[in-house]
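When a residue number appears, it is its place in the shown sequence, counting from 1.
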Amino acid sequence: MRAVALHSAAGALLLTGLVAVPADGAAARPGDAELRGTAVAAQRAAAAGIHFGRCPEEHDTGRGLQCGTVSVPLDYAHPDGKRIRLTVSRSRATGEGRAVRQGALVYNPGGPGASGTDFPRVGHLPQWRRIAAAYDLVGYDPRGVGRSAPLICQDPQRALRGPSQSPTEPSPSYKRERIAEARAYARGCARNAGSALRHYNSLNNARDLEVLRAALGERKLTFMGASYGTYFGALYATLFPSHVRRMVFDSAVNPASERIWYRNNLDQSAAFENRWADFRAWTARHDDVYGLGTTAGAVLHSYERARARLAAEPAGDTVGPGQLQRAFLQAGYYDDYWPQLALALSAYLKGDPKPLVEAAAPHPEQAAEAENGNAVYTAVECNDAPWPTDWKVWDRDNTALARVAPFETWDNVWANLPCAYWPVPRQRPLDVRTAPGALPPTLILAAQRDAATPYEGARELNRRLSGSVLVTERDAGRHGIGGGPNSCVNGYLDTYLLDGRLPERSASCAPHPQPRPHRPHAPAGATGTGAAGDPGAAKDRQAP
């Protein structure tokens, strides 16, 4: 509770541009130096602004997108020290329908490690047009991501090598191999980043958001974060509650300190098993199309047959069981992928490997981006909180979990295991909590069967942010539901962002329609919605 009182008071001071300095003889409290440094950096950013101009070629879509940079301290305790530049993108409010401009809407798609610079592109989509009419849409690359002081931990070509195995019951020798890889990856992060490594963390992401707000000339922040973006958004709300205008938390991470991040990943592995079962049940209902079995168990048997066959002879020399598992992990995020994946599995078992290779093969041209995203994910989660440092703890907890949730458990372990051997001191997570009246009303969106950020996380965030309202999409599991295919959810989002109104209490929406099956040789895009253009469609790595 002490941290809440401290940071709430600091937020009020920062709004006036003052810097709090402890009185002579007063002991400095943890975080005081960083709070002062954030105030200094925000003042400088407000004076400098952002000089927007032409975007780098890969982001220039001809839709009025502009790009610029904002300078932030590497270490907020030393705002006069080394600085890094964050890349920012923007599309101006269209004013369509005579909408009154309401300022900037800043968006983060999650990760940690995901780029948000493509977000302003969504303004031309029907479900975003009303918001794009009233707001400048602003995306950015968080520290370490893309062009924002990019971080890598190993040769990018190693990140997408294939084919590989993905055993659900790993042998002792396989575990030893993965432990060695995790140790090497942690060493690579330290070698490449040096003393900067400890500064890639969620608290600094929240502080960077405060500097970005000031640089944009916004007196108060309007922010929408998806998945991991909800976590450092919640940190921002705790640190700077009086700077918040409106905030949307879409598919919320459980912010409880004791669950950051080891326990959250255990919860996630369990939730992916449930969503994997949803996909198999859907596929079984369309056995007339796919021929993979009339029950979820029969579909699982078909999948296991494919795994065994790929272990013996990879498809296209690139797709083994590891690539198969990573491809089908997408089914846990978005049901848009279900028809494509079911069709690929069906075709492979019937003798045509091409659709599976197209869906699952590594893409060497994406290796650098993939490694950058994985490096930032690893650094942020490892830096944020204590992790077990004894392999026996990991082995015990995940062996037990894998008995009931084999689909994702061990791959999630390997994604996070560098944190067991992390060479940088860990932080203690901030207690996310706001006092009544300290924070304006905020909106939380969640799907009841979300695998990447299980639903209990949204409920916990709702309990901790005073005045927040939770809108639930029932019996659905899409990850990132705002601006997606559910018009009911989008109605609540529009009403909040455009009018500042929320329901008096938590509300719910019926699920969006499940996708229609793809029949062999059906035209592309025959499903109902499609994840392209959804700002939450970037794979989330709080999510493995």
Legend entry - Partner set under side chain to side chain contact (heavy atoms under 4.5 Å, CB included) for Ser269, not counting sequence neighbours: Leu401, Glu408, Thr409, Asn412
Inset, instruction - Rounded to the nearest 0.5 Å, what's the gap from CD on Glu369 to CD on Glu365? Could you check? - result: 10.0 Å
Legend entry - Backbone N/O of Pro454 and side chain of Arg449: donor-acceptor pair under 3.5 Å: no
Inset, instruction - Decide yes or no for Arg85 and Val70: does some side-chain heavy atom of the first lie under 4.5 Å from some side-chain heavy atom of the second? - result: no
Legend entry - Rounded distance (nearest 0.5 Å) linking atom CZ of Arg263 with atom OG of Ser257: 14.5 Å
Inset, instruction - Supply the atom-to-atom distance Arg121 CZ to Leu65 CG, rounded to the nearest 0.5 angstrom. - result: 7.5 Å
Legend entry - Side chains of Arg207 and Glu34 in contact at under 4.5 Å (non-hydrogen atoms): yes
Inset, instruction - Find out whether Phe223 and Phe249 are in side-chain contact, i.e. whether some heavy atom of one side chain is under 4.5 Å from a heavy atom of the other. - result: no
Legend entry - Donor-acceptor pair between Thr222 and Arg246 side chains, under 3.5 angstrom: no
Legend entry - Residues Arg83 and Ser71: side-chain donor-acceptor under 3.5 angstrom: yes
Inset, instruction - Kindly indicate whether the side chain of Phe240, heavy atoms from C-beta on, has any atom under 4.5 Å from the side chain of Leu221. - result: no
Legend entry - Backbone N/O of Gly225 and side chain of Asn108: donor-acceptor pair under 3.5 Å: no
Inset, instruction - For residues Asp397 and Tyr262, determine if any side-chain heavy atom of one lies less than 4.5 Å from a side-chain heavy atom of the other. - result: yes
Inset, instruction - Show your reasoning for whether salt bridge (charged side-chain N to carboxylate O under 4.0 Å, His left out) applies to Asp335 and Arg275. - result: CA-CA 10 Å; Asp335 51 23; Arg275 196 61 178 151; 3.7 Å; yes
Inset, instruction - For this output row, return yes or no: ring centroids of Tyr421 and Trp391 closer than 6.0 angstrom. - result: no
Inset, instruction - Inspect the contact between Asp450 and Arg478 and indicate whether a charged nitrogen and a carboxylate oxygen are less than 4.0 angstrom apart. - result: no
Legend entry - Enclosure of Arg428 CZ (heavy-atom neighbours >12, cutoff 6.0 Å): no
Inset, instruction - Considering non-hydrogen atoms only, spot the tightest contact between Ala234 and Leu461 and give its length. - result: CB-CD1, 3.8 Å
Legend entry - Glu456: salt bridge (Lys or Arg N to Asp or Glu O under 4.0 Å) partners, not counting sequence neighbours: Arg459, Arg463
Legend entry - Asp267 and Arg259 ion-paired at < 4.0 Å: yes
Legend entry - Parallel, tilted or perpendicular: ring planes of Trp276 versus Phe407, cut at 30 and 60 degrees: parallel
Inset, instruction - Using a 4.5 Å cut-off on heavy atoms from C-beta on, say whether the side chain of Phe272 contacts that of Leu329. - result: yes
Legend entry - Distance-only donor-acceptor check, side chains Trp422 and Asn383, under 3.5 Å: yes
Inset, instruction - Ignoring hydrogens and angles, tell me if any N or O in the side chain of Asn201 forms a donor-acceptor pair with the backbone of Asn204 under 3.5 Å. - result: yes
Legend entry - Donor on one side chain, acceptor on other, Arg426 and Thr389, under 3.5 Å: no
Inset, instruction - Over all heavy atoms of both residues, which pair between Ala271 and Ala451 is shortest? Give the atoms and the distance, please. - result: CB-O, 3.5 Å
Inset, instruction - State, to 0.1 Å, how close Ser148 and Pro142 come at their nearest heavy-atom pair, and which atoms those are. - result: CB-O, 3.4 Å
Legend entry - Which atom of Gln323 lies closest to which atom of Pro163, heavy atoms considered: OE1-CA, 3.3 Å
Inset, instruction - Check the pair Lys175, Asp395 against salt bridge (charged side-chain N to carboxylate O under 4.0 Å, His left out), reporting the backbone distance first and the verdict last. - result: CA-CA 9 Å; Lys175 291 176 182 178; Asp395 198 20; 2.8 Å; yes
Inset, instruction - For side chain to side chain contact (heavy atoms under 4.5 Å, CB included), just list the numbers for Gln325 and Asp411, CA-CA rounded to whole Å, side-chain angles, deciding distance to a tenth of an Å, and then say yes or no. - result: CA-CA 9 Å; Gln325 197 275 343; Asp411 272 16; 2.7 Å; yes
Legend entry - Any residue meeting side-chain hydrogen bond (donor to acceptor under 3.5 Å, both in side chains) with Tyr455, in chain and number order, not counting sequence neighbours: Thr472
Side-chain donor-acceptor contacts of residues 186-198 below 3.5 Å, not counting sequence neighbours, with atom names and distances?
from   : atom 1 : to     : atom 2 : distance (Å)
Asn192 : ND2    : Ile152 : O      : 3.0

Inset, instruction - Would you check if there is a donor-acceptor pair between the side chains of Glu210 and Tyr236 at a distance under 3.5 Å? - result: yes
Legend entry - side chain to side chain contact (heavy atoms under 4.5 Å, CB included) partner of Gln127, chosen from Asn490, Val489, Val122, Leu493: Asn490
Inset, instruction - Return the set of residues passing salt bridge (Lys or Arg N to Asp or Glu O under 4.0 Å) with Asp136 (not counting sequence neighbours), or none when no residue passes. - result: Arg92, Arg101
Inset, instruction - State whether the side chain of Tyr135 and the backbone N or O of Leu497 hold a donor-acceptor pair below 3.5 Å, judged by distance alone. - result: yes
Inset, instruction - Indicate yes or no: at least one non-hydrogen side-chain atom of Asn374 is less than 4.5 angstrom from one of Tyr185. - result: yes
Legend entry - Heavy-atom donor-acceptor pair, Trp387 side chain to Glu381 backbone, under 3.5 Å: yes
Legend entry - Separation between CH2 of Trp410 and OH of Tyr174, rounded to the nearest 0.5 Å: 11.0 Å
Inset, instruction - Evaluate the side-chain proximity of Val138 to Tyr107: yes if any heavy-atom separation is below 4.5 Å, no if none is. - result: no
Inset, instruction - Output yes when a side-chain donor or acceptor of Ser115 lies under 3.5 Å from a complementary backbone atom of Thr117, and no otherwise. - result: yes
Inset, instruction - Tell me yes or no: between the side chains of Asn264 and Asn254, is some donor less than 3.5 Å from an acceptor? - result: no
Inset, instruction - Please list, chain by chain and in numerical order, all residues satisfying salt bridge (Lys or Arg N to Asp or Glu O under 4.0 Å) with Asp80, sequence neighbours excluded. - result: Arg44
Inset, instruction - Tell me yes or no: between the side chains of Ser202 and Asp384, is some donor less than 3.5 Å from an acceptor? - result: yes
